[in-house]
Structure formats: structure tokens, C-alpha cells
Amino acid sequence: MIFDILTIFPDLLESPLNESIIRRAREAGQVRIEITNIRDFAEDKHSMTDDRPFGGGEGMVMKPEPLTAALKSVRGKNEPGRVVLLSPQGRPYSQEVAEELSREKHLILVCGRYEGVDERFIAAAVDDEISIGDYILTGGELAAMVIIDSVTRLLPGVLGCADSAEKDTFSRQLLKHPQYTRPREFAGQEVPEILLSGDHERIENYRFLESVSRTMDRRPDLLQKEEFSKAEIKLLKKHQLYDKVKTLQKEH
Ligand code: 9D3
């Protein structure tokens, strides 16, 4: 997979792309990530990439010509590629969208800044507009990082075998149960006795019930799609959780 990133702040992206799993994937040739500075494609002597909005109003708008020239330069280099604009007006990002993007050969991520991007560039060149959530960032760079991180880990061979089974944490919608490691006592808090018991069935049941309770408390919306087996329903009933789960599933 090839990622091209178009930005006016290339330095902002360097270090997160050179650590940990992304770095390993780059070194193994599983991903190629290239950063292009939009400012290098500004024609005027001040290298202007933004200007005041027609019709007036606050803030600046990214000019279409430098973006178009920057895009042309990465298009010439690699095969066509899907052009994704990161913007607050985009469709919401999710694991499903990450999986969709992971099937592409070449993604071109365009990072907006200022109040936005001239609409004519969007109309002429952008295939897809994505937002990573309902909060205000100062630009698209961190959103591009979120996409690269979440897509790269889905590519074949990037994660070890043990980790790739973990794909299932999102097909099963439940939140993870609490986890503990050594020491057995920390700051006056003990690890739950059951986890030290060696009784694997009781541990499984305990973890399942913890997962369901947490999901009910924190993310009742996730319970909507969840389906429980006969044995799980029996267990939920035994712990007086089943009626509550059913009610939450109807509410969301
Ligand atoms: C309405 C006035 N502006 C807020 C001060 C709107 C606005 C313009 C530009 C808000 C954010 C931005 C910059 N953000 C992005 O480029 C961005 C973003 C985001 O802010 N939230 C979630 N996902 C994304 S993807 C790109």
C-alpha cells in the first residue's frame, strides 16, 4: 500500500510515522509513506497556500492551484490512487471505513488547514471526504495519522499472528474486560481472586460478565448489534443482567 500525504506542515507527521509498528511496516516494505509539502507547489513569490474567502467572513481558505499541482506531482509518480480529503464535513470514520480503505493500492490523503479548502478543488479532485469525529482539530494532519495507523495494521503481514486474531474485538461489539498483571497487590488493590484460581471456565464467565457490564455502562449503543449464545443468555440471567441488556438493546 502506498500513502501519499499532502500537507503544509510536513514536520508534524515525521515522528509518529517513524516509530513502532508503522516504522516496522515501512522498513519491511509493506507500506510506502511519502509526505509532500503543498507549499513547494505555490507559484507566487510568497508561496501562498491560502487566501481570504470570497463573500467575506472569518479565516482563510486553501487555494486550489497549489493543491492541484501537489496532487499532480504524486499522481505522476504512482498509479491513480484514491484522493481522500480530511475535513470536518466528511463522512464519519470507523473500523468499517478503515477496512474499505485497506483494500486500496494507493491512498492520497489531503490535509486541510484554516477554515477549509476551495470547493472547486474538492469538486475536481477529491474522491472521498472523511472526518474522524465530532470535535474540532486545528487541521487534517492528525486525522491523516489516525487513518494511516488504523489502515496499516490491517494490511497483510503487518501484525504478528497473535495480534491479527484481535481483528475480532470489533466484530464482537463488547468492550474488553479489566486486565491485570504483576504484582498481585498494587497500591492496596488486589487482583480479583478468581483470576488466580486457575479455573478457566469460571475465568471465562467472569470476563464475559465484566465485558457486558462495562459495555452497558459506557457504550450501551454497542449492545444493539450484539448477539448472545444460549449459554451466555443463561449466564446473564443468572446474574440478573439479561433484562437490563434487552432493555438497552431496545433503547439504542
Ligand atoms: C466553524 C468554524 N471552524 C471551527 C473553528 C470550522 C473548522 C475548520 C477547520 C473546524 C476544524 C477545522 C480543521 N479540522 C480539520 O481539518 C479536520 C477534522 C476535525 O476538525 N475534526 C474531525 N475530523 C477532522 S478531519 C480534518
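Both counts, for ligands and for their atoms, begin at 1 and track the order of listing.
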Quiz item: Tell me: protein heavy atom nearest atom 4 (C) of ligand 1, and distance?
Solution: Ile136 CG2, 4.1 Å
Quiz prompt | Enumerated ligand 1 atoms positioned under 4.0 Å from heavy atoms of Ala143 | solution = 25 (S)
Practice problem: Could you tell me whether some N/O pair between Pro88 and ligand 1 is separated by less than 3.5 angstrom? | Solution: no
Quiz item: Knowing that exactly one of Asp217, Asp221, Thr215 qualifies, which makes a side chain to side chain donor-acceptor pair (under 3.5 Å) with Arg219?
Solution: Asp221
Quiz item: Got the closest protein heavy atom to atom 25 (S) of ligand 1, with its distance?
Solution: Ser87 N, 3.4 Å
Practice problem: Considering the heavy atoms of Gly133, write down every atom of ligand 1 situated less than 4.0 Å from one of them. | Solution: 21 (N), 22 (C)
Exercise. May I ask you to say whether Lys176 pairs ionically with Glu210, meaning some side-chain N is under 4.0 Å from a carboxylate O?
Key: no
Practice problem: Return the residue, atom name and 0.1 Å-rounded distance of the protein heavy atom closest to atom 20 (O) of ligand 1. | Solution: Leu137 N, 2.9 Å
Quiz item: Donor-acceptor pair, Gln249 side chain versus Leu223 backbone, under 3.5 Å?
Solution: yes
Quiz item: If you group Ile, Leu, Val, Met, Phe, Trp and Tyr by side-chain heavy-atom gaps below 4.5 Å, do Ile8 and Ile33 land in one group?
Solution: no
Practice problem: Using heavy-atom distances, let me know which of Gly139, Gly57, Gly112 sits nearest atom 15 (C) of ligand 1. | Solution: Gly139
Practice problem: Would you indicate which of Glu115, Glu129, Arg113 comes nearest to atom 6 (C) of ligand 1 when only heavy atoms are counted? | Solution: Glu115
Quiz item: Are any of the side-chain nitrogens in Glu226 or Lys246 under 4.0 Å away from the carboxylate oxygens of its partner?
Solution: no
Practice problem: Looking only at protein heavy atoms, identify the closest one to atom 9 (C) of ligand 1 and say how far it is in Å. | Solution: Tyr114 O, 3.2 Å
Quiz item: Among protein heavy atoms, which sits nearest to atom 23 (N) of ligand 1, and what does the distance come to when rounded to 0.1 Å?
Solution: Ile132 N, 3.0 Å
Pair up each side-chain donor or acceptor in residues 199-208 with any protein partner under 3.5 Å, not counting sequence neighbours, and list the distances.
unit_1, atom_1, unit_2, atom_2, d
Asp199, OD1, Glu201, N, 3.4
Asp199, OD1, Arg202, N, 3.3

Practice problem: May I ask you to decide whether Lys237 forms a salt bridge with Asp243, counting only side-chain N to carboxylate O separations under 4.0 Å? | Solution: no
Quiz item: Got an N/O contact under 3.5 Å between Tyr135 and ligand 1?
Solution: yes
Quiz item: Could Arg91 and Glu100 be called an ion pair, given the rule that one side-chain N must be under 4.0 Å from one carboxylate O?
Solution: yes
